[in-house]
A.B. asks: 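The structure's right below; bear with me while I get my questions together.
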Amino acid sequence: MDFEAVIGLEVHVQLKTESKIFCSCVNRFGSSPNTQTCPVCLGMPGVLPVLNRKVVEYALKMGMATNCEIPRFSQLARKHYFYPDLPKGYQISQYELPLVEHGWVDIEVEGNTRRIGITRIHIEDDAGKLIHDESRPVSYVDLNRTGTPLIEIVSEPDIRTPEEAAAYIRKIRQLVRYLGISDGNMEEGSLRCDANISLRPRGTEKFGTKAELKNMNSFRNVQKALEYEIRRQTALLLDGQEIVQETRLWDAGKGVTHSMRGKEEAHDYRYFPDPDLLPVEISDQWKEDIRQGLPELPDEKRKRFSAQYNLPDYDAGILTVSRETADFFEECVRLFNNPKTVSNWIMTELMKLLKQVDGTIEDCRVTPAYLATLLELVDKGTISAQMGKDVLKDCFESGSDPSVIVREKGLAQVSDESELEAVVARVMEANPREVELYRGGKKKVLSFLIGQVMRETRGKANPKKVNEIFRKALED
Ligand code: ADP
Ligand code: MG
Ligand code: ZN
């Protein structure tokens with residue numbers, strides 16, 4: 001029997017606001033343990049939380065970017081559980097009335113676009129962190145992270161393959177980065193994903209029993225955990241066994257998931273509206289103001305790039321991967337008005353160099369102005385395209401202006417007629433046999449003769465000019 005996977009993702013995103021969600025502690029990663037806390041985020045008795053307006057604004061931005069509805073009222077709710085990194089004994093989250101609901105994003109896998117529904121987006125506070133001592137049987141608690149603002153984005157079970165799951169998370173990361181509301185860095189934990197997956201016989205409607213997978217801290221791991229889980233559940237179903245509803249942890253080292261807790265131990269969170277926090281009311285004016293301030297989002301930008309610069313959709317997709325890449329491209333085109341050439345050089349040469357050092361375009365030493373200068377030099381024939389690649393590499397490493405590199409290294413092509421004519425004459429004299437062959441109709445030897453000129457000029461002769469001069473000289 002052939003099974004189809006049904007996948008829904010819960011993505012947590014840490015928001016990069018200045019302060020925490022319910023107190024004025026600074027919201028920053030990496031300070032020494034327990035230096036960024038106050039009675040509110042430490043969960044002392046008698047304190048009162050105050051909702052950070054920026055958190056609501058960021059969550060609304062994400063809601064708008066994912067085509068969601070924004071109800072007028074929403075409510076914060078207490079979600080109770082016991083854990084040493086949660087001093088209040090409950091998380092402040094949202095339950096019945098989330099801030100944002102009912103939207104969608106489009107993802108693309110192998111050229112096919114699929115629409116994935118967004119069930120809801122709600123805001124909540126993050127817990128602290130336990131640090132386990134390797135040498136002794138003790139654990140420490142760092143509460144700096146307590147109260148870090150999070151949004152949780154819950155998808156509909158619309159995802160069908162591990163590749164689609166990875167594409168969906170990439171899309172979420174791209175959106176939070178475009179909006180500037182989070183670093184969206186999975187490895188550092190500012191974007192975390194739980195994956196729910198069940199199988200059903202292909203062609204049927206009814207969902208099977210799902211397992212929830214946790215602890216995957218990279219795109220690769222999400223994909224691998226889902227692939228493993230499809231194999232595991234398929235084997236069980238083929239064997240006539242039932243899937244147990246449970247939470248499973250991904251073990252990246254072993255490449256397997258194992259059961260963390262079953263349904264019997266499933267949490268009863270005892271949700272109820274937080275009496276310390278008023279319902280949140282979103283006015284139409286505020287919504288409008290936020291909408292006005294949204295940047296151009298990736299799907300729109302991609303469409304505009306295709307139309308305005310007459311680029312293939314593939315190019316437009318790559319150039320709009322990040323706002324920084326898109327801005328780089330547009331600035332470069334402003335200075336060197338040949339969009340397809342600029343696109344080619346960014347997509348192949350520049351991205352290759354960036355990949356080698358695992359760098360990003362925003363902290364790259366090649367500026368849009370430098371790339372434009374380089375393309376100008378190639379366009380005018382001052383250097384060949386091949387040399388252009390070397391000059392780009394040099395510029396990438398040294399940060400020097402391409403025109404300076406060309407001048408200082410004496411790379412400019414020789415286009416001077418009389419100089420080239422002299423070299424061509426020398427080459428013809430030294431290779432009388434080839435000249436005869438050419439004149440006898442064997443036109444192919446021309447490339448050999450041009451190669452000789454290139455060797456003499458150490459690659460600096462302008463090949464187009466050399467070609468012309470040869471033809472004239474040989475036809476005589
Ligand atoms: P829970 O209360 O167990 O967290 P939810 O109904 O809130 O479950 O759904 C959590 C996530 O699981 C959502 O992303 C949803 O799309 C997904 N989901 C729900 N049912 C299934 C299923 N049968 N198979 C796969 N994913 C599912
Ligand atoms: Mg869940
Ligand atoms: Zn605090």
Side-chain angles (χ1 to χ4, degrees), residues 3-12 17-28 31 34-44 47-52 55 66 77 79 81 87-88 92-96 98 101-105 115-122 124-128 142-149 152-162 164-165 168-169 172 192-201 204-214 222 225-226 229-230 233 237 242-248 260-263 265-269 271:
F3 293 104
E4 174 181 59
V6 171
I7 300 166
L9 300 182
E10 297 164 275
V11 177
H12 287 89
T17 51
E18 289 292 321
S19 54
K20 292 186 179 181
I21 182 169
F22 297 119
C23 61
S24 52
C25 287
V26 58
N27 174 31
R28 189 188 304 133
S31 312
N34 298 306
T35 54
Q36 266 145 32
T37 59
C38 72
V40 174
C41 53
L42 289 175
M44 298 292 188
V47 298
L48 283 175
V50 177
L51 179 57
N52 181 344
V55 171
T66 52
K79 174 181 179 177
Y81 64 90
K88 298 194 296 305
I92 304 179
S93 180
Q94 299 195 281
Y95 190 54
E96 283 158 330
E101 56 193 359
H102 307 144
W104 49 266
V105 292
R115 182 156 292 184
I116 308 299
I118 304 286
T119 313
R120 56 188 273 149
I121 301 177
H122 65 249
E124 57 187 26
D125 58 359
D126 207 347
D142 176 9
L143 294 175
N144 281 349
R145 199 177 70 175
T146 320
T148 297
E152 177 173 344
I153 306 156
V154 182
S155 87
E156 290 290 303
D158 290 344
I159 298 164
R160 293 290 169 265
T161 63
E164 285 183 12
Y168 171 84
I169 309 170
I172 297 292
R192 310 195 280 266
C193 172
D194 300 340
N196 301 269
I197 172 164
S198 62
L199 298 188
R200 65 181 174 191
T204 63
E205 285 287 312
K206 196 170 163 290
F207 289 160
T209 306
K210 71 176 160 88
E212 184 179 36
L213 312 182
K214 286 185 181 286
V222 171
L226 286 168
E229 197 56 22
I230 290 173
Q233 293 189 16
L237 292 172
E242 301 219 330
I243 307 295
V244 217
Q245 178 158 344
E246 61 185 354
T247 300
R248 301 181 67 85
M260 178 174 104
R261 57 166 182 258
K263 199 173 185 166
E265 316 147 53
H267 280 135
D268 173 4
Y269 292 123
Y271 277 103

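First listed ligand is number 1; within each ligand, the first listed atom is number 1.
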A.B. asks: Would Asp126 and Arg192 count as a salt bridge (Lys or Arg N to Asp or Glu O under 4.0 Å) here? Give the steps.
C.D. replies: CA-CA 12 Å; Asp126 207 347; Arg192 310 195 280 266; 2.9 Å; yes

A.B. asks: With side chain to side chain contact (heavy atoms under 4.5 Å, CB included) as the test, pick out the partner of Leu213 among Leu226, Asp194, Ile7.
C.D. replies: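 Single side chain to side chain contact (heavy atoms under 4.5 Å, CB included) partner of Leu213 among Leu226, Asp194, Ile7: Leu226.
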
A.B. asks: Any chance you could lay out the side chain to side chain donor-acceptor pair (under 3.5 Å) test for Glu10 and His12, step after step, and finish with the verdict?
C.D. replies: CA-CA 7 Å; Glu10 297 164 275; His12 287 89; over 6 Å; no

A.B. asks: Please determine whether salt bridge (Lys or Arg N to Asp or Glu O under 4.0 Å) holds for the pair Asp125 and Lys88, giving the CA-CA distance in whole Å, both sets of side-chain angles, and the decisive distance to 0.1 Å.
C.D. replies: CA-CA 11 Å; Asp125 58 359; Lys88 298 194 296 305; 2.7 Å; yes

A.B. asks: If you count heavy atoms of other groups shown closer than 6.0 angstrom to CZ of Arg28, is the number above 12?
C.D. replies: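 Not more than 12 within 6.0 Å, no.
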
A.B. asks: Could you grab the angle centred on the Zn ion (ligand 3), going from SG in Cys41 to SG in Cys25, to 10°?
C.D. replies: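 Computed angle, vertex at the Zn ion (ligand 3), rounded to 10 degrees: 110°.
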
A.B. asks: Please classify the Leu9 to ligand 1 contact at 4.0 Å (heavy-atom distances, strictly less than): side chain, backbone, both or neither.
C.D. replies: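 It is the backbone that gets close, since no side chain atom is under 4.0 Å.
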
A.B. asks: Looking only at non-hydrogen atoms, which of Glu156, Lys210, Lys206 approaches atom 8 (O) of ligand 1 most closely?
C.D. replies: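 Result: the heavy atom closest to atom 8 (O) of ligand 1 is in Lys210.
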
A.B. asks: Any atoms of ligand 1 less than 4.0 Å from a non-hydrogen atom of Ser198? List them with their elements.
C.D. replies: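 What qualifies from ligand 1 is 22 (C), 23 (N), 24 (N), 25 (C).
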
A.B. asks: Does an N or O anywhere in Asn196 fall below 3.5 Å from an N or O of ligand 1?
C.D. replies: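 Yes, Asn196 has an N/O under 3.5 Å of an N/O on ligand 1.
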
A.B. asks: Any idea which part of Glu212 is under 4.0 Å from ligand 1, heavy-atom wise: side chain, backbone, both or neither?
C.D. replies: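 Neither part.
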
A.B. asks: Examine the proximity of ligand 1 to Val154 and report which part, side chain or backbone, both or neither, has a heavy atom under 4.0 Å away.
C.D. replies: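 Just the side chain.
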
A.B. asks: Looking at every heavy atom in both Leu9 and Cys193, which two are closest together, and how far apart are they?
C.D. replies: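 Reported closest heavy-atom pair: CD2-SG, 4.0 Å.
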
A.B. asks: Which ligand 1 atoms are under 4.0 Å away from a heavy-atom of Phe207?
C.D. replies: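 This gives 23 (N) as the contact atoms.
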
A.B. asks: To 10°, measure the SG(Cys38)-the Zn ion (ligand 3)-SG(Cys23) angle for me.
C.D. replies: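 Output for this angle: 110°, rounded to tens.
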
A.B. asks: What atoms of ligand 1 come closer than 4.0 angstrom to any heavy atom of Ser155?
C.D. replies: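 So the atoms of ligand 1 that pass are 13 (C), 14 (O), 15 (C), 16 (O).
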
A.B. asks: Salt bridge check: are Glu229 and Arg248 linked by an N-O gap of less than 4.0 Å?
C.D. replies: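 Arg248 and Glu229: salt-bridged.
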
A.B. asks: I'd like to check which ligand 1 atoms, numbered from 1 as shown, lie under 4.0 Å from a non-hydrogen atom of Gly8.
C.D. replies: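 Result: 14 (O), 16 (O), 17 (C), 26 (N).
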
A.B. asks: Just how far is it from atom CD1 of Ile153 to atom CD1 of Ile169, taken to the nearest 0.5 Å?
C.D. replies: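 CD1 of Ile169 is found 10.5 Å from CD1 of Ile153.
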
A.B. asks: Would you call the rings of Tyr271 and Tyr95 parallel, tilted or perpendicular if under 30° counts as parallel and over 60° as perpendicular?
C.D. replies: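 The arrangement is parallel - the two ring planes meet at less than 30°.
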
A.B. asks: Relative to the heavy atoms of Gly208, which atoms of ligand 1 are at a distance of less than 4.0 Å?
C.D. replies: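 Near Gly208, the atoms of ligand 1 are 23 (N).
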
A.B. asks: Checking the N or O distance criterion of under 3.5 Å, is ligand 1 in contact with Pro157?
C.D. replies: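 Right, the criterion is met.
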
